[in-house]
Structures are given as C-alpha cells and as structure tokens.
Amino acid sequence: MSITFEYSFNAPLDLPELVAAVNRALGCSLAPSGDDDAFRCEFFGMSLLLERHHYDNDRDLNFADYEFQLSNKTWDGSALRQIQLEVLVLAAFALQETLGIGDGMLSYDMQRLLARYSGKISDPAGHIADLQRRLDKTDLD
C-alpha cells in the first residue's frame with residue numbers, strides 16, 4: 001500500500017518552465033516519466049511527481065480549479081512516512097515563496113482535504129503541527 005500527499009496549485013508558467021523552476025527551487029531533478037504531462041524524481045528518498053493533472057472535483061476536493069499537482073509517495077514499511085507530510089508542505093512553501101504561487105489545496109490520497117491556501121503559508125512549522133494534529137496517526141500506519 002502506498003500513501004500520497006498532493007499539493008494542487010496554479011502557476012503563471014507553462015509546464016516545461018514550471019519543471020525547471022521547481023527543480024531550481026527544490027534542488028531536485030524532475031524528468032519526464034513517460035507521460036507528456038508528468039515529471040518524476042526521487043526527493044528525500046520518496047517519489048516526487050509534478051504533473052498537469054486532469055482530475056475532476058470530488059466532494060470538497062476542487063481539483064478542477066487547479067492546473068498542476070505536486071505529490072509525494074511512500075510505500076508500506078517506509079520509515080520516510082514520518083516526514084512525508086512535512087516534506088510536501090515545505091516544498092509547497094518553497095514554491096510559494098520562490099514562484100509567487102498563492103492559492104492551492106493540500107490533500108491526502110486524493111480523498112481527504114487537509115488544507116486550502118488562499119495566499120502563502122505564513123508559518124510552515126505551525127501549519128505542519130496543525131496538520132499533524134488533524135491527520136489521524138492511523139491514516140499513516
């Protein structure tokens with residue numbers, strides 16, 4: 001079983017420019033993953049995927065309002081699950097700060113809304129602590 005966190009957002013760049021900007025901002029090496037709209041790399045030992053998504057809205061998850069999605073994934077038994085949420089929130093914070101991204105949405109396994117952003121994350125450490133309190137630990141076990 002895998003666990004995925006997703007950061008959905010819009011950016012004032014087309015996908016190739018966005019890939020280059022994300023690589024610079026996060027110090028990663030996103031590369032084509034076989035789909036013209038998806039780029040993947042290993043980041044903090046996890047799978048990191050940046051894609052132009054085509055997901056429909058689902059209940060309170062308004063995926064269709066966003067063009068791009070950055071997600072990270074871990075697998076059963078991975079000790080990295082302990083830092084997975086933090087890694088994606090800090091990546092979102094870095095992109096907001098360096099690329100001027102504002103509005104966005106954080107979700108868990110494309111099924112559970114964790115946060116909506118109308119503007120930038122102002123206190124990443126406090127935000128992560130709030131998310132950890134709201135996200136039931138059994139979700140990650």
Take Leu90 and Ile128 through the test side-chain contact (heavy atoms from CB on, under 4.5 Å) and record every step on the way to the result. CA-CA 9 Å; Leu90 293 173; Ile128 289 168; 4.1 Å; yes

With the side chain counted from C-beta on, respond yes when [X] and [Y] share a heavy-atom pair under 4.5 Å apart, and no when they do not.
X: Met46; Y: Leu48; answer: no
X: Arg81; Y: Ile3; answer: yes
X: Leu106; Y: Leu113; answer: no
X: Leu135; Y: Arg112; answer: yes
X: Val89; Y: Glu86; answer: no
X: Ile101; Y: Asn10; answer: no
X: Leu26; Y: Phe43; answer: yes
X: Phe39; Y: Ser33; answer: no

Contacts of Asp130 meeting salt bridge (charged side-chain N to carboxylate O under 4.0 Å, His left out) (sequence neighbours excluded), chain-then-number -> Arg133

Mind checking the [atom1]-[atom2] spacing from [X] to [Y]? Nearest 0.5 Å is all I need.
X: Phe44; Y: Leu80; atom1: CZ; atom2: CG; answer: 10.0 Å
X: Ser71; Y: Asp109; atom1: OG; atom2: CG; answer: 10.0 Å
X: Ser107; Y: Leu114; atom1: OG; atom2: CG; answer: 7.0 Å
X: Leu30; Y: Cys41; atom1: CG; atom2: SG; answer: 4.0 Å

If two hydrophobic side chains count as joined below 4.5 Å and joins carry through other members, does [X] share a cluster with [Y]?
X: Tyr66; Y: Phe68; result: no
X: Phe93; Y: Val22; result: yes
X: Val19; Y: Leu88; result: yes
X: Met105; Y: Leu99; result: no

List the residues meeting side-chain hydrogen bond (donor to acceptor under 3.5 Å, both in side chains) with His127, not counting sequence neighbours, and say none if there are none. Tyr117

Donor-acceptor under 3.5 Å ([X] side chain, [Y] main chain):
X: Gln69; Y: Leu50; value: no
X: Asn62; Y: Asn57; value: no
X: Thr98; Y: Ala94; value: yes
X: Asn72; Y: Gln84; value: yes
X: Asp123; Y: Gly126; value: yes

Would you check if the distance from the ring center of Tyr7 to the ring center of Phe5 is below 6.0 Å? no

Does atom [atom1] ([X]) have a neighbourhood of more than 12 heavy atoms from anything else shown, all under 6.0 Å?
X: Glu42; atom1: CD; answer: yes
X: Phe63; atom1: CZ; answer: yes
X: Lys73; atom1: NZ; answer: no

According to the side-chain hydrogen bond (donor to acceptor under 3.5 Å, both in side chains) rule, which pairs have a member within residues 12-23, sequence neighbours left out? none

So that I can tick it off, tell me whether Asp65 and Arg116 are bridged by a salt bridge, with the cut-off set at under 4.0 angstrom between side-chain N and carboxylate O. no

Take Phe9 and Leu70, measure what side-chain contact (heavy atoms from CB on, under 4.5 Å) needs, and give me the verdict at the end. CA-CA 8 Å; Phe9 63 97; Leu70 183 70; 4.1 Å; yes

Derivation and outcome, side-chain contact (heavy atoms from CB on, under 4.5 Å), residues Met110 and Tyr55: CA-CA 10 Å; Met110 304 253 328; Tyr55 305 119; 3.5 Å; yes

Would you say the side-chain atoms of His53 and Asp37 include a donor-acceptor pair closer than 3.5 Å? no

